[in-house]
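So the structure is just underneath, and the comments pick up after that.
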Amino acid sequence: MSPKTQILKRQFYERPAQLVAGGLIGKVFKFGPISGRIVEVEAYDESEPASRGFSGIRKGNATLFGPAGHLEVYLTYGINLLANVVCEPVGIGSGILIRALEPVTGVELMRANRGDPRVPDHRLCSGPGRLSRAFGLTRDDDGEDLVHGRVHILDDHVALPFTRSNRVGISVAQDLDWRFYVPDNPSVSVRRVPVTRSRATP
DNA sequence: CATACGATTGACT
DNA sequence: GTCAATCGTATGA
């Protein structure tokens, strides 16, 4: 008998981002009728310069410094909303970027939200901006409580094997292997990640 | 004020 | 492969 599906508890999130990140792989991100299984995330720690928390509390990142287990939704490139899971106790600005999901329920709603009927299932949530759009997230969802609010992360006891690489799309701290993803999963974002060279080719 | 620039995406050569 | 879209925030004159 497998244990019952449950919402992840507050204490799950009150840990360093690198630890929570690995724990999120295989969990289910759910917003109303729409849900997807997490297959790619990146950890961002307050102490390193690629993190939005690195420079302290600012106008747009207060949620990140709030209590763990909340969702931070923020705009990048003036175009895309990205979703962060807040980690660590109040006052620490660390979190996890959800980068890709494998659609589970509400696939046609996702396609409608994406606005393109030709998008194949495995591309609906294959990127941080794409999944925010597929789920219909808005800036009003910034600060949503993942434990008691409308957006949840569920544990249905499905374990997926995952590996790590360096993170995508950043210009600093590129050496940290804080991207966690399920190898060969078709929903993982396809952007090429710069290879971390331990030694430059001569 | 002016300007630079993102934890990206989609269109195009 | 290259590049524009688009806008809130940060930084400097």
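All heavy atoms count here, side chains included; hydrogens, waters and symmetry mates do not. Naming: A, B, ... by sequence-line order, numbering from 1 per chain.
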When the distance from CG of A:Leu81 to P of C:dT9 is rounded to whole Å, what number comes out?
13 Å
Looking only at atom types and distance, does a side-chain atom of A:Asn84 sit under 3.5 Å from a main-chain N or O of A:Gly95, one as donor and one as acceptor?
no
Taking CG from A:Asn80 and P from B:dA11, how many angstroms apart are they, rounded to a whole number?
13 Å
Between A:Gln174 and A:Ile170, is there a donor-acceptor pair closer than 3.5 Å when you use the side chain of the first and the backbone of the second?
yes
Atom of A:Arg167, atom of A:Arg179 and distance for their closest heavy-atom approach:
CG-N, 3.9 Å
Rounded to whole Å, CD of A:Glu72 lies from C1' of B:dG6 at a distance of 14 Å
Looking at DNA chain B, which of residues 116-139 of chain A put a heavy atom within less than 4.0 Å of it?
A:Gly127, A:Pro128, A:Gly129, A:Arg130
Atom CG of A:Leu75 to atom C1' of C:dG8: distance rounded to whole Å?
7 Å
Select base, sugar-phosphate, or nothing to describe what A:Arg58 touches, counting heavy atoms under 4.0 Å on all strands.
sugar-phosphate
Between A:Asp145 and A:His70 (side chain of the first, backbone of the second, donor and acceptor by atom type, cut-off under 3.5 Å), is there such a pair?
no
Answer yes or no as to whether B:dA7 has its base stacked against A:Tyr44, where stacking requires a ring-centre separation under 5.5 angstrom and planes under 30 degrees apart.
yes
Under 3.5 Å donor-acceptor, A:Arg99 side chain and A:Glu40 backbone:
no
Main chain of A:Val119, side chain of A:Arg123: is a donor-acceptor contact present, judged purely on distance under 3.5 Å?
no
Rounded interatomic separation in angstrom, taking CG from A:Leu97 and C1' from B:dG6:
13 Å
In whole Å, what is the span from the CZ atom of A:Arg114 to the C1' atom of B:dG10?
10 Å
Calculate the interatomic distance between A:Leu82 atom CG and B:dG6 atom P; express it in whole Å.
14 Å
A:Ile7, A:Leu24: one ILVMFWY side-chain cluster at the under-4.5 Å cut-off?
no
Under the side-chain hydrogen bond (donor to acceptor under 3.5 Å, both in side chains) criterion, do A:Glu72 and A:Tyr74 qualify, and how do the steps go?
CA-CA 6 Å; A:Glu72 185 197 34; A:Tyr74 68 99; 5.9 Å; no
Do the side chain of A:Ser94 and the main chain of A:Glu88 share a donor and acceptor less than 3.5 angstrom apart?
no
Report yes if at least one side-chain N or O of A:Arg52 is closer than 4.0 Å to OP1 or OP2 of C:dG8; otherwise report no.
no
Nearest heavy atoms of A:Ala100 and A:Ser189, plus distance in Å:
CB-N, 4.0 Å
C:dG1 to B:dA7 separation - C1' atoms, rounded to the nearest Å:
23 Å
Taking the side chain of A:Lys59 as its heavy atoms from C-beta onward, which of B:dG6, B:dG10, C:dA10 lies nearest to it?
C:dA10
Between the base of B:dA7 and the side chain of A:Tyr74, is one N or O donor paired with an acceptor at under 3.5 angstrom?
yes
Rounded to the Å, how far apart are A:Asp142 CG and C:dG8 C1'?
13 Å
Whenever both distances are under 3.5 Å in a Watson-Crick or G-U wobble pair, mark it; put DNA chain C into dot-bracket that way, with [ ] for crossing pairs and | when the partner is on another strand.
|||||.||||||.
Quick check on DNA chain C: between A:Ile57 and A:Ile79, whose nearest nucleotide comes earlier from the 5' end?
A:Ile79
